[in-house]
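Reviewing the structure listed below.
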Amino acid sequence: MKKKIKKILKKKLDLFYIKVNKENNYYKIVAVGKIFLGMNEIQKQKKIYSPLLKYITEKKIHAISIKAYSLKEWKKLKYNKIK
């Protein structure tokens, strides 16, 4: 399911970077893409949830933790981690 989530999100959202980790039925997602530019956290989460809703309602995905960034936010985050 981890690879499937990654493939779905990359295709549907045209992401620059995607990382999916799994513990039991709990998924942690880090997504980076142009699509998130100008969005607040709730809007970003909705974008991630939308293509995965089918799997959530079918209980194939129990819980998700999402961190989504625009390319600008991602670069700034990486730059600040280096300092």
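Tyr26 and Ile8 fall into different hydrophobic clusters, where Ile, Leu, Val, Met, Phe, Trp and Tyr residues are linked whenever their side-chain heavy atoms come under 4.5 Å apart, directly or through other members. Taking hydrophobic clusters as Ile, Leu, Val, Met, Phe, Trp and Tyr residues chained together by side-chain heavy-atom distances below 4.5 Å, Tyr27 does not share a cluster with Tyr69. Put simply, Leu15 and Tyr17 are part of two different groups of oily side chains (I, L, V, M, F, W, Y) that touch within less than 4.5 Å, one to the next. Both Tyr55 and Ile64 belong to a common hydrophobic cluster when Ile, Leu, Val, Met, Phe, Trp and Tyr are linked at side-chain heavy-atom distances under 4.5 angstrom.
Rounding to the nearest 0.5 angstrom, the gap separating the NZ atom in Lys19 from the NZ atom in Lys2 is 8.5 Å.
When the salt bridge (charged side-chain N to carboxylate O under 4.0 Å, His left out) test is applied to Lys60, the partners found at least two apart in sequence or on another chain are Glu58. Listed by chain and number, the residues in a side-chain contact (heavy atoms from CB on, under 4.5 Å) with Lys6 are Ile18, Val20 (sequence neighbours excluded).
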Solution key, residues 29-54 side-chain donor-acceptor pairs under 3.5 Å, sequence neighbours excluded:
unit_1	atom_1	unit_2	atom_2	d
Asn40	OD1	Ile42	N	3.0
Asn40	OD1	Gln43	N	2.8
Gln43	OE1	Asn40	N	2.8
Lys44	NZ	Ala68	O	3.3
Lys44	NZ	Glu73	OE1	2.7
Lys44	NZ	Glu73	OE2	3.0

